[in-house]
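The block underneath contains the structure these notes are about, expressed in structure tokens.
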Amino acid sequence: MVNVRDIKTAVKIGSLVLKNPVMPASGTFGYGEEFASFVDYNLLGAIVVKGLSLEPRAGNPPPRIIETTGGMLNAIGMENIGVHAFIKEKLPFLAQFNCAVIANVYGETVEEYQKVAEILSGAKGVHALEINISCPNVKKGGIAFGTDPDTVHDITGKVKQATNLPVIVKLSPNVTDIAEIAVSAQDAGADAVSLINTLTGMSVDIISRTSNIANLTGGLSGPAIKPIALRMVWEVAKKVSIPIIGIGGIMSPEDAVEFLIVGASAIQVGTANLINPLATMDILEGILAYLEVSDIMDIKDLVGSLKTERPREE
Amino acid sequence: MVNVRDIKTAVKIGSLVLKNPVMPASGTFGYGEEFASFVDYNLLGAIVVKGLSLEPRAGNPPPRIIETTGGMLNAIGMENIGVHAFIKEKLPFLAQFNCAVIANVYGETVEEYQKVAEILSGAKGVHALEINISCPNVKKGGIAFGTDPDTVHDITGKVKQATNLPVIVKLSPNVTDIAEIAVSAQDAGADAVSLINTLTGMSVDIISRTSNIANLTGGLSGPAIKPIALRMVWEVAKKVSIPIIGIGGIMSPEDAVEFLIVGASAIQVGTANLINPLATMDILEGILAYLEVSDIMDIKDLVGSLKTERPREE
Amino acid sequence: MMTVCKAVAAGNVASNRELIDGHFLMNVKLPLSLERPLPGQFLMVRIRGRREPFLGRPLSVYEFQRHVKNVTCEFLYRVVGKGTQFLSQLRLGDAVDVLGPLGRPFEIYPPNRKIVLIAGGMGIVPMTYLAGHYRSSGAGRNMKIICYAGAQNADALVGIERMQTCSDTRISTDDGSRGYSGLVTDLFARDLRTYDPRETAIFACGPRPMMKQLAVMLKDKSFPCQVSVEERMACGVGVCLGCVTAVKDDWGKRQYKRVCKEGPVFNIQDLIWD
Amino acid sequence: MMTVCKAVAAGNVASNRELIDGHFLMNVKLPLSLERPLPGQFLMVRIRGRREPFLGRPLSVYEFQRHVKNVTCEFLYRVVGKGTQFLSQLRLGDAVDVLGPLGRPFEIYPPNRKIVLIAGGMGIVPMTYLAGHYRSSGAGRNMKIICYAGAQNADALVGIERMQTCSDTRISTDDGSRGYSGLVTDLFARDLRTYDPRETAIFACGPRPMMKQLAVMLKDKSFPCQVSVEERMACGVGVCLGCVTAVKDDWGKRQYKRVCKEGPVFNIQDLIWD
Ligand SMILES: Cc1cc2nc3c(=O)[nH]c(=O)nc-3n(C[C@H](O)[C@H](O)[C@H](O)COP(=O)(O)OP(=O)(O)OC[C@H]3O[C@@H](n4cnc5c(N)ncnc54)[C@H](O)[C@@H]3O)c2cc1C
Ligand SMILES: Cc1cc2nc3c(=O)[nH]c(=O)nc-3n(C[C@H](O)[C@H](O)[C@H](O)COP(=O)(O)OP(=O)(O)OC[C@H]3O[C@@H](n4cnc5c(N)ncnc54)[C@H](O)[C@@H]3O)c2cc1C
Ligand SMILES: Cc1cc2nc3c(=O)[nH]c(=O)nc-3n(C[C@H](O)[C@H](O)[C@H](O)COP(=O)(O)O)c2cc1C
Ligand SMILES: Cc1cc2nc3c(=O)[nH]c(=O)nc-3n(C[C@H](O)[C@H](O)[C@H](O)COP(=O)(O)O)c2cc1C
Ligand code: FES
Ligand code: FES
């Protein structure tokens, strides 16, 4: 059996090397302040912060969240302090850890994405950008950027021009063919794709006959969506050669390993953080234990190792 | 308070009048034989049978199902006895009940859909057709029929030509814009749309590193998907004027009422039957009780009654 | 002042009984590492190892005691939905995870004031813990505490026993089945002019409409009044932004604050009630 | 012969204790309306009011008793995943829903044969119930029953006590820690030539590889052999087509049959093992 200390866990995202594949998902870890007392950031592969826009945003009115079976809906409405305040007030705190910082970027126009990317690239302590393309495209009547391959190509290319940081394009699952979108991102120069963002959903209070979310619809996350996320990672893995970061309902090390097996090089832990602030650490430890008992010396050997021919006798 | 016996529950689907909006979802009720000892079919709005193809189909190898958080994946592979055997061996049994029979239709080519529809239209005791367009289109390399508006228009039109029964088009949720597909179906003459079919998903056994489903992917159903189904019904309700049959994770009367509020005229109970054979009856009773305490004399007044302006004080 | 818990504490149910219809008193045994919650703070409570209910539920502390080998925390809660329903089914020994103490506590004013507590429904829980804190802390021992407690009817008046031992308690019920007939805010309104804003501190917790009415009543008065508000929560620790409520910032501009972090305690005049 | 249950029966756990590591014996009190399961039939068991585990789990009957006011059903199960894990946490009084009896039972041959039972692991459960049936039914009282029971090791040999009271029991363990050292099929193979196909009936239940080996062993022999096979199930009543296994039809053509309906009992020569 391999010794857990000898196991290679490094993951490359463009020019950035993460020491291991475990990071929180954007929007479930704030700007990294609150969880510093729970999690030793020095051990994480990276920290991914809440989505940032050019100007501060107030977000949606409450109620913003509701529990559903095996998950939750959220419609935070991209509340954030804006990219400038982030750099000034939040980044210095994160810079003290031996851990990559990935900034999640949000825009309502291609120009806003570009601008935010540019500003973040000039800031010391940001190591990669994650472009959230599940946002309503104001110019195109609120249809999400991430549902059209050409728009994705356009945004990705423009953001790449604006930065020399590795660019991760975060894909929306609310599409017919997510692999097609991923290929678009790759063609336009994305260093990696991350998926999935939330699935749009709804929940109704039958007494008042109103939505349980003030915004009417919200994004579904949590273990309920894990099967969909896994399938999408699998579909994308068959079509792209850049690294994939798997996201969606990861609650346990076993869940994370499933994502690695279908082709994710790294994973993000989202909603699980809201239930257990130690989730990222627990999952990292569990992945290492799995590698150990499975005699896998380098995590790369696990990535994409799904056997598609299934012997009947298990 | 209204008397439950005075409440109007009838629902019109094209020329067909269902006595109430509750029916099982295709594939979770067999051909209606097994549940006859649990459920009084005379009380149901309709019975929807397992999808029928022109020739018998053996279906996929096992394992075909796996539990997931708040739901399950299935890849039955459209096992069925074929439309001819159905008419000969199964239909006579169903004909004895005072209950509409809806046949779910499956094909690998547009011609097959048309043929099966034609054959069913000649059979006594079939009252409507539900066209399952979430099937792989063999001619188009296995991409599902239901993901392209033009194909949906084509199938719907061709099936309408082949039958004088009401035609319900059952929509796939694995699309970017389900309302667009629904509009296509309506334009081509569909009498109703039903949604949603299952979301494609995956589940991996991390010990053997194989899929838990021999077919690799399966369809996700159950309460996990309810928020997505509700949102899709809501989106479609804003765009079409034909009746909508809501499906997806309905486990309780409350769930069913949510679907009615966002715009479904009727509902189908799927996976819930597998857990509780009495699910359809329990849900029907509960809907009536809700109408009674809510003082709603006609179920039509509930359909689409979502208040989108939300007073803050609830 | 703010204290941060270092991890989820593993607890076990010591008792969980129905006091009156749909209202439960649950005692949970927890490790010594759990800090003493300050009045106004809350804990996120989850049934260990279950995904249903999925999220933790925020509960105020009704009573907290340190023992030699552990601490015990009492919760008083009403069954209103699935989460509280499942909590109510817990039995002796069942495992719960507890995160906390969380949130901004009540600011404890210097002891030269009369303390007025106004509790609607389950608002009695943090008010009782606050009253207990005043009584047990040396400073407050001789202070006058008046508590107004309201409920829908006499049967729903729960948890006021402990309050009665440490304060002058005045009761209202919506249907008049016990005490004053009407809203607890109306009961308090009758006495309002007897209180001097410079010598009184008001604390309140209850349903939003009650708090709103109180805000209207106190609008042009200079009473210091802190209220604890509720909002649906996911994380309880400030990372998800799910629990916001609208407040006026220092320049009177509307903005959202996290109930779990900047709250649950707010100054009543900062809250926006639309 | 097939009996159909009319509804889900509401049961309560009377006891649920761990016999050996990871193996539980659960006794459930159920209404009188529940029919007596025939040997080979199973029940779908679900924890009432929970969505996790989501689906019912098929369990064989280990023992069934009619009392004046209710019936009791005993299950013997091994914790292998989430569903059985949650079952193992049930305690006295907890509510479970039970659907059944379900499936095709063993065909009970006329009593002029020697009965050979082969049980691997938890396959002991239906074999024990079957042996009990033979012994308690008048016809079988004087029949010779030989049981081969195998497990991984002595510690995992569970549930054979009752078998021993009604049959000649021969034990194997993979590691030789008790009885014959090797697979239970190998143990049976040693005796095979002592049985006359015209005077013997074989019944078997166990892991798929064991059954496959048995099928190979019996391939060219004319023993009647019925086996109970397992497959993941959702409905248990035949509507979902989730539980199929490959069998040869009357013309030798491959087709799928529902384990919950046409099974779980099949003639071993009908099954396809690829
Ligand atoms: C800081 C804080 C302290 C609390 N202390 C107590 C307490 O000591 N005792 C007690 O009984 N309750 C308390 N609550 C309220 C309690 O958290 C909710 O009743 C509970 O979360 C409802 O969960 P549920 O699943 O049973 O209901 P759900 O099914 O989630 O909801 C039922 C109804 O309750 C409302 N609701 C849900 N969550 C909340 C919430 N967090 N706040 C307000 N309303 C909600 C819903 O909008 C709905 O109308 C507190 C809430 C907060 C925020
Ligand atoms: C007719 C029948 C009777 C049974 N009787 C008994 C019994 O008396 N005692 C007992 O301990 N077990 C019995 N089983 C097996 C039992 O149903 C499974 O062990 C159980 O469903 C596993 O659920 P889980 O959630 O704990 O495991 P999962 O997490 O679902 O699975 C764990 C492992 O068990 C396998 N598995 C899951 N479900 C089944 C299944 N239905 N059949 C076979 N393997 C499965 C999985 O493939 C996986 O390898 C029976 C099964 C059938 C079909
Ligand atoms: C409360 C909340 C806020 C989120 N905010 C963001 C965000 O700002 N940017 C983003 O790209 N994704 C955001 N997400 C999506 C998550 O990063 C993640 O993609 C999704 O929740 C699925 O993963 P999970 O099931 O593990 O939560 C948010 C999710 C939640 C639950
Ligand atoms: C086991 C199983 C078999 C199904 N077979 C069919 C089918 O033959 N035709 C069809 O249109 N839908 C089929 N479905 C989809 C259901 O009819 C329904 O659309 C879906 O399961 C969502 O509803 P639910 O969450 O209530 O189950 C099947 C679903 C399940 C679980
Ligand atoms: S509950 Fe997550 S920020 Fe308050
Ligand atoms: S489990 Fe549903 S058909 Fe057998």
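In what follows, chains carry the letters A, B, and so on, assigned in the order in which the sequence lines appear, proteins first and then strands, with residues in each chain numbered from 1. Computed from a predicted structure; not experimentally measured.
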Enclosure of C:E18 CD (heavy-atom neighbours >12, cutoff 6.0 Å): yes
Over 12 non-hydrogen atoms of neighbours within 6.0 angstrom of CG in A:N42: yes
C:V239 vs A:Y31, test: side-chain contact (heavy atoms from CB on, under 4.5 Å). Steps then yes/no. CA-CA 8 Å; C:V239 297; A:Y31 304 112; over 6 Å; no
Is there a donor-acceptor contact under 3.5 Å from the side chain of A:R64 to the main chain of C:V244? no
So which atom in C:G238 and which in A:E34 form the shortest heavy-atom distance, rounded to 0.1 Å? O-OE2, 3.6 Å
Tell me, out of A:A75, A:G77, A:G59, A:G71, who's got the most heavy-atom pairs with chain C below 4.5 Å. A:G71
Atom group of C:M233 that falls short of 4.5 Å from chain A, counting heavy atoms: backbone
More than 12 heavy atoms of other residues, nucleotides or ligands under 6.0 Å from NZ of C:K29: is that the case? no
Leading residue by heavy atom contact count with chain C [cutoff under 4.5 Å; candidates A:N276, A:T69, A:N60]: A:N60
Against C:C235, only a single residue in A:L274, A:I65, A:I275 fulfils side chain to side chain contact (heavy atoms under 4.5 Å, CB included); can you say which? A:L274
When the 4.5 angstrom heavy-atom criterion is applied to A:N273 and chain C, the contacting part is neither
Nearest heavy-atom neighbours spanning A:T271 and C:F54: CG2-CE2, 3.5 Å
Can you check whether A:M72 reaches C:L55 side chain to side chain, under 4.5 Å on heavy atoms? yes
Chain A contact via C:R50 - which portion, at a heavy-atom distance below 4.5 Å: neither
Does any non-hydrogen side-chain atom of A:P277 lie less than 4.5 Å from one of C:L99? yes
Who wins among C:C240, C:A246, C:G236, C:G81 for the most heavy-atom pairs under 4.5 Å with chain A? C:C240
Taking all atoms of both residues into account, what is the closest heavy-atom pair of C:R232 and A:N212, and its distance? NH1-O, 2.9 Å
What are the two closest heavy atoms between C:Y256 and A:A58, and how far apart are they? CD1-O, 3.1 Å
Find the one option among A:E67, A:K50, A:E79 whose heavy-atom pairs under 4.5 Å with chain C are most numerous. A:E67
